[in-house]
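Only this structure's heavy atoms are used, side chains among them; waters, hydrogens and symmetry mates stay out. Just so we're on the same page: letters track the sequence lines, and every chain starts at 1.
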Amino acid sequence: MLQVAFIREQKDAVIAGLAKRNIDAEAMVEEVLKLDEERRSTQSSLDTILAESNKLSKEIGMLFKTGKAAEANELKAKTADLKESSKTLTEKLNETADALTALLYQIPNVPHESVVAGKNEEDNEEVFKHGEIPQLGENALPHWELAKKYDIIDFDLGAKISGAGFPVYKGKGARLQRALIAYFLDKNTEAGYQEFQVPHLINEASGYGTGQLPDKEGQMYHVTADDLYLIPTAEVPVTNMFRDTMLNEKDFPICCTGYTPCFRREAGSYGAHVRGLNRLHQFDKVEIVRIEHPERSYEALDGMVEHVKGILEELKLPYRILRLCGGDTGFTSALTYDFEVFSTAQDRWLEISSVSNFETYQANRLKLRYKDENGKSQLAHTLNGSSLALPRVLAGILENYQTADGIEIPEALRPYTGFDKID
RNA sequence: GGAGAAAUGGCAGAGUGGUCGAAUGCGGCAGUCUUGAAAACUGUUGAGGGUCACACCUCCGGGGGUUCGAAUCCCUCUUUCUCCGCCA
């Protein structure tokens with residue numbers, strides 16, 4: 001969430017920034033400032049009462065110690081009023097603070113200055129494009145047909161044991177998937193990211209920490225018996241490792257990578273555009289997460305973008321990079337670049353990575369701070385990106401590498417698959 | 001799942017109702033000494049709110065309670081450890 005002090009000092013910039021998301025934030029911002037004002041004045045009144053009450057308690061203690069019980073009891077009587085008003089004020093303080101927090105949870109991050117105003121994906125800016133789109137001719141098949149033809153992914157079998165959106169990978173399909181995971185993890189660790197294996201179920205506090213809760217509650221699978229959520233992305237457990245953490249400047253940068261399955265309910269998503277691997281309830285993803293010094297986070301974001309570019313170029317997949325417009329940028333993000341691979345047989349771009357800088361938005365919820373050179377604690381910046389989301393990369397490979405008699409395996413993956421063709 | 005023990009500052013570890021935000025040690029930082037370093041010595045060193053700055057308030061795993069007063073007593077939750085049971 002945004003810091004109240006930031007809203008107070010940069011009110012106009014906050015409103016102008018949120019306008020790029022098509023949000024008229026003026027009323028919310030005014031309400032935040034009002035609640036904050038109220039919170040502080042209530043706190044101050046309460047402090048005065050508590051100070052008085054602490055003073056009396058100490059005096060009572062001294063009196064008892066020196067054997068003046070009568071005087072002590074006299075003072076005791078005086079504390080009753082203080083107690084009553086401190087109780088009332090505490091209640092009011094809690095109400096105000098809760099209302100303030102609840103409101104702050106509803107305000108998304110302020111977009112970076114480079115982000116353009118826009119409503120939806122149509123307003124995103126293409127900032128980079130690379131690779132030749134292969135000419136496959138009339139007989140090119142979409143990946144779900146290829147999956148059937150070569151018997152490498154079985155959607156019906158998954159539907160039988162779980163439901164739609166839970167594919168079963170078979171044989172060379174399963175092996176290709178495993179190869180991609182290993183390949184991505186190796187690329188990431190070579191680039192200096194430390195590998196982690198993290199829990200796939202998270203508690204409520206973690207959901208709040210990275211911003212999935214409360215606003216995306218419906219997107220996650222909720223295991224009610226134990227009040228845990230299935231992770232929608234490794235971002236959640238990985239970033240939450242740093243919840244309630246005080247870092248030193250020399251700890252930066254912190255670079256993590258991890259492979260996890262991801263679970264998303266994707267309620268209400270049906271139709272042709274979600275066919276095959278395009279949108280799933282369970283999919284695999286290798287994620288990179290960075291914790292950065294605020295002054296270097298955009299440099300880090302660029303570095304992450306370059307890193308993902310390197311992988312896609314090694315896989316020789318045609319791709320483009322979009323800088324998301326205000327309306328399409330995720331709730332918690334200040335700046336997001338989406339990577340899309342061109343899926344030849346479907347004749348459309350598929351999002352395969354999303355690289356974001358959250359600045360202090362997550363860190364504020366997470367209480368993820370560091371000590372600056374003056375010994376003052378400051379919020380760190382958090383970033384993350386996919387490198388990469390498996391199903392659509394797989395779709396891209398199947399479709400772009402198909403030939404009349406099989407699917408070629410990209411050169412870079414062959415050491416991992418152990419075969420160079422699916423046929 | 002059953003029985004018991006525990007949770008204190010970056011770490012270790014005192015503290016069982018009243019000048020305790022918390023002894024002590026280690027670590028960190030600054031200084032003295034040294035050509036420099038180490039060692040030794042001296043000082044300093046938790047977080048949040050609040051203030052121009054002080055004052056002041058809150059925090060001893062989380063939440064609630066008792067009390068004029070709680071790190072200390074009670075309830076509850078979570079986590080860790082030991083023993084038993086079950087188990088990939």
In whole Å, what separates the [atom1] atom of [N] from that of [M]?
N     : M     : atom1 : answer
B/U8  : B/A23 : C1'   : 12 Å
B/G21 : B/U76 : C1'   : 26 Å
B/A12 : B/C83 : C1'   : 27 Å
B/G15 : B/U72 : P     : 15 Å
B/G46 : B/A55 : P     : 14 Å
B/G64 : B/G10 : C1'   : 31 Å
B/U82 : B/C73 : P     : 25 Å
B/C74 : B/A39 : P     : 46 Å

Minimum heavy-atom distance between A/Thr90 and A/Leu46, given as atom pair plus value: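 Closest approach of A/Thr90 to A/Leu46: OG1-CD1, 3.7 Å.
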Where A/Ala234 and A/Thr260 come nearest, the two heavy atoms and their spacing: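 Minimum heavy-atom separation between A/Ala234 and A/Thr260: CB-OG1, 3.5 Å.
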Ring centroid separation [X] to [Y] under 6.0 Å:
X        : Y        : result
A/Tyr208 : A/Tyr105 : yes
A/Tyr298 : A/His381 : no
A/His200 : A/Phe263 : no

How close or far is atom [atom2] of [N] from atom [atom1] of [X], stated in whole angstroms?
X        : N     : atom1 : atom2 : answer
A/Ile49  : B/G50 : CD1   : C1'   : 16 Å
A/Asp244 : B/C59 : CG    : C1'   : 13 Å
A/Gln43  : B/G50 : CD    : C1'   : 8 Å
A/Leu379 : B/A47 : CG    : C1'   : 13 Å
A/Leu50  : B/G50 : CG    : P     : 16 Å
A/Arg40  : B/G48 : CZ    : C1'   : 15 Å
A/Tyr370 : B/A47 : OH    : C1'   : 17 Å
A/Lys367 : B/G49 : NZ    : P     : 10 Å

Aromatic plane relationship, [Y] with [X] - under 30° parallel, 30 to 60° tilted, over 60° perpendicular:
X        : Y        : result
A/His222 : A/Tyr229 : parallel
A/Phe331 : A/Tyr361 : perpendicular
A/Phe252 : A/His293 : perpendicular

B/S/- contact track for nucleotides 65-77 of chain B, protein heavy atom under 4.0 Å: ---BS--------
Which base sits across from [N] as a Watson-Crick or G-U pair, both distances under 3.5 Å?
N     : result
B/A71 : none
B/C87 : none
B/U51 : none
B/G43 : B/C29
B/A22 : none

Sugar-phosphate, base or nothing in reach of A/Lys55, heavy atoms under 4.0 Å: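 No contact.
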Sugar-phosphate only, base, or nothing, as touched by A/Ser377 at under 4.0 Å among non-hydrogen atoms: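 A/Ser377: backbone/sugar contact only, no base atoms under 4.0 Å.
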Along RNA chain B (nearest heavy atom to each residue), the more 5'-positioned of A/Leu46 and A/Lys371: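 Residue closer to the 5' terminus by nearest nucleotide: A/Lys371.
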5' priority, RNA chain B, between A/Met246 and A/Asp47 [closest heavy atom]: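 Counting from the 5' end, the first nearest nucleotide belongs to A/Met246.
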More than 12 heavy atoms of other groups within 6.0 Å of A/Glu313 CD: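 Correct, the count exceeds 12.
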Contact list for RNA chain B against residues 3-11 of chain A - heavy-atom distance below 4.0 Å: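 Going residue by residue through residues 3-11 of chain A, none turns out to have a heavy atom under 4.0 Å of RNA chain B.
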Any residue of residues 89-107 of chain A with a heavy atom less than 4.0 Å from an atom of RNA chain B: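 Per residue number, the list is empty: none.
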side-chain hydrogen bond (donor to acceptor under 3.5 Å, both in side chains) partner of A/Asn188, chosen from A/Gln194, A/Glu287, A/His307, A/Glu195: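 Running side-chain hydrogen bond (donor to acceptor under 3.5 Å, both in side chains) over A/Gln194, A/Glu287, A/His307, A/Glu195 with A/Asn188 returns exactly one hit, A/His307.
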Check: A/Val127 and A/Leu322 side chains under 4.5 Å, non-hydrogen atoms: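 When only atoms from C-beta onward are counted, A/Val127 and A/Leu322 do not touch, as no gap falls below 4.5 Å.
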Heavy-atom check, side chain of A/Val308 versus side chain of A/Val305, under 4.5 Å: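 No, too far: nothing below the 4.5 Å cut-off.
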Check: A/Asn240/A/Arg243 side-chain N/O donor and acceptor closer than 3.5 Å: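 The criterion, which ignores hydrogens and geometry beyond distance, is satisfied for A/Arg243 and A/Asn240.
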Distance test, side-chain N/O of A/Arg369 to OP1/OP2 of B/G48, below 4.0 Å: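 Yes, within the criterion.
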Test applied, side chain to side chain contact (heavy atoms under 4.5 Å, CB included); reference residue, A/Pro410; option that passes from A/Ile397, A/Thr417, A/Leu317, A/Leu180: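 Checked A/Ile397, A/Thr417, A/Leu317, A/Leu180 against A/Pro410; only one passes side chain to side chain contact (heavy atoms under 4.5 Å, CB included): A/Ile397.
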